[in-house]
Trainee: 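Sharing a structure here in structure tokens format.
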Amino acid sequence: MKERPISICEKQFLLEALWEGKRLDGRGCNEARSLDIVYGLDWGSCQVTLGKTRVLSQVSCQVVEPMFSRPNEGVLQVNVDLTSLAAPKFESGRPSDDTVELNRLLERTLKESRCLDLESLCIVAEEKVWQIRLDISVINHEGNLFDVSSVAGLCALAHFRRPDVTLKGDVVTVHPLSERDPVPLGIHHHPVTTTFGMFQCQSGDTLTVLDPSLLEEEAMLGKMVLGVNGYREICTLHLAGQILVDKALVLRLANLAAEKSKKIVDRIKQSLAADEESRKAKGPRGFAAKNRNNSILHNAAPRSHFDFTRVTPLARSVVQKNKSSDVANSTINSEDGVVDVVPEGVQTIEDDDDSGEDSECEVTDVKTKAQLMEERVTERIELDDDSEEDEVITLEKV
């Protein structure tokens, strides 16, 4: 199924917004989308989300014969799967150009950069070594598959644990996880890719945006992918498109990529430490727990701690102040077995009656209700017999 191409109006609107320094999703030109990393229950299972782009990675291992050219090293194999689940333009079973490009870029970033210690995967030289297979499946494609796939692959490799192996003579024993603790892979450094989309301005200058979306990828004229580790070392440089790039632009983008990679590497290490603590505490973890927490039916708030050590001294000081304050005097009246406690300043009904006698008001005249109604009549109207009013006749039933 072919995907709908971007229209001329959409492309023109996108370019005009970029000339003004604005993006359709509200980000800045050097601002990336939010990154979320979730680990599964199994070792080496990881799901990474960048905005709406989602990638699932899984690492597995098996014992194989080493390569003839490298008899003392293990094997790292990277496999990328782009199906119609990610986007309608991808087809299952037929690798597209995007699949081949993504697969080669990941091999250059993770394999050729020597981030994984392949010599530690050797069991018997020239006979048996570990083969590490990294499978990356794209669940949803909303732009910038390079960065999401590199982070997912790196997190899966750092999270994976292989079975322990013992060698007695020529007998190799692979211990299951129930007998011995698994062994983590040796990782020398953490390379992370950073993608820049490049556009040609009307003045001839090159405009670059960090972490392009799907719509920006369809409208851009070129892209640059930089793989940088946490030590600010460039491991991969991939340039594609039909746009000219000068030396100053490459150096500026390399500095931006180094700063972004340092933050992502720290984020990866924090997520690995949090998953390790969750496994030790035997708390909820995995994809199901993450989806349950994100559900609208889940109503939970983080636990808050309150310090009540200062409440008691403050309460005592308030009580002492109230005791030292003046108390209003009260008057006690007792009549016929009824006791009334009247605070000072409050008047009783008897006081009101007594105060009425001494009032300054004087009664000058007394009128009845009939006299008041008579005064309200302003004019009387008398009706003669020659009036033009209709005569009313009452008919009685015979």
Trainee: Would you confirm whether R267, through its side chain, and L35, through its main-chain N or O, come within 3.5 Å as a donor-acceptor pair?
Mentor: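 Checked: pair present.
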
Trainee: Between H159 and W43, how do the two ring planes meet: parallel, tilted or perpendicular, split at 30° and 60°?
Mentor: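 Correct class here is tilted.
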
Trainee: Mark yes or no for whether D147, through its side chain, and T195, through its backbone, hold a donor-acceptor pair below 3.5 Å.
Mentor: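 Checking the backbone N and O of T195 against the side chain of D147, a donor-acceptor pair under 3.5 Å is found.
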
Trainee: Are more than 12 heavy atoms, taken from residues, nucleotides or ligands other than R104, located less than 6.0 Å from that residue's CZ atom?
Mentor: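 It does not: R104 CZ has 12 such atoms or fewer within range.
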
Trainee: Is atom CG of L41 surrounded by more than 12 heavy atoms (other residues, nucleotides or ligands) closer than 6.0 Å?
Mentor: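 Above 12, so yes.
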
Trainee: Decide yes or no for C61 and P163: does some side-chain heavy atom of the first lie under 4.5 Å from some side-chain heavy atom of the second?
Mentor: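 Result yes, sub-4.5 Å side-chain heavy-atom pair found.
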
Trainee: Examine distances only and state if a side-chain atom of S57 and a backbone atom of A152 form a donor-acceptor pair shorter than 3.5 Å.
Mentor: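 Yes; at least one donor-acceptor contact below 3.5 Å.
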
Trainee: Do the side chain of T49 and the main chain of R54 share a donor and acceptor less than 3.5 angstrom apart?
Mentor: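 No, the answer is negative, given that no donor and acceptor are paired below the 3.5 Å cut-off.
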
Trainee: Output yes when E259 and R232 qualify as a salt bridge under the 4.0 Å nitrogen-oxygen rule, no when they do not.
Mentor: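 Looking at E259 and R232, the cut-off is not met.
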
Trainee: Answer yes or no: is there an ion pair linking K260 with E31, defined by an N-O contact shorter than 4.0 Å?
Mentor: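 Salt bridge flag = no for E31 with K260.
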
Trainee: Mark yes when over 12 heavy atoms from residues, nucleotides or ligands other than D170 sit less than 6.0 Å from its CG; otherwise mark no.
Mentor: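 12 or below, so no.
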
Trainee: What I want to check is whether the side chains of Y39 and S45 have a donor and an acceptor closer together than 3.5 Å.
Mentor: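 There is no such pair (donor and acceptor under 3.5 Å, judged by atom type) between the side chains of Y39 and S45.
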
Trainee: Could you go step by step and tell me if K22 and E16 meet the salt bridge (Lys or Arg N to Asp or Glu O under 4.0 Å) rule?
Mentor: CA-CA 9 Å; K22 302 177 182 178; E16 291 180 357; over 6 Å; no

Trainee: Determine whether a donor-acceptor pair (N or O, by modelled atom type, separation under 3.5 Å) exists between the side chain of R33 and the backbone of S213.
Mentor: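 A pair under 3.5 Å: no.
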
Trainee: With the side chain counted from C-beta on, respond yes when V250 and M224 share a heavy-atom pair under 4.5 Å apart, and no when they do not.
Mentor: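 In short, these two side chains touch, coming nearer than 4.5 Å.
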
Trainee: Are D181 and R161 within salt-bridge range, i.e. N to O under 4.0 Å?
Mentor: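 Salt bridge between D181 and R161, a charged N being under 4.0 Å from a carboxylate O: no.
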
Trainee: Say whether, by atom type as modelled, one donor and one acceptor occur between the side chain of H189 and the main chain of S113 under 3.5 angstrom.
Mentor: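 Looks like yes, one N/O pair under 3.5 Å.
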
Trainee: With a 3.5 Å distance limit and no angle check, can you tell me whether T53 reaches the backbone of E142 through a side-chain donor-acceptor pair?
Mentor: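 Flag set: sc T53 to bb E142 pair under 3.5 Å.
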
Trainee: Hey, are the side chains of R27 and L210 touching, using non-hydrogen atoms and a 4.5 Å cut-off?
Mentor: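 Sidechains of L210 and R27: no contact.
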
Trainee: Is the number of heavy atoms from other residues, nucleotides or ligands under 6.0 Å of E10 CD greater than 12?
Mentor: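 More than 12 within 6.0 Å, yes.
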
Trainee: Does the side chain of H175 come under 3.5 Å of the side chain of T166 through a donor N or O and an acceptor N or O?
Mentor: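 Their side chains do contain a donor-acceptor pair, which is all the 3.5 Å distance test asks for.
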
Trainee: Return yes if some donor-acceptor pair links the side-chain N/O of S149 with the main-chain N/O of L145 below 3.5 Å, else return no.
Mentor: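 Yes; at least one donor-acceptor contact below 3.5 Å.
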
Trainee: Looking at E119, I'd like to know if its CD atom is crowded, meaning that more than 12 non-hydrogen atoms belonging to other residues, nucleotides or ligands lie closer than 6.0 Å.
Mentor: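 Not buried by this count: 12 neighbours or fewer within 6.0 Å.
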
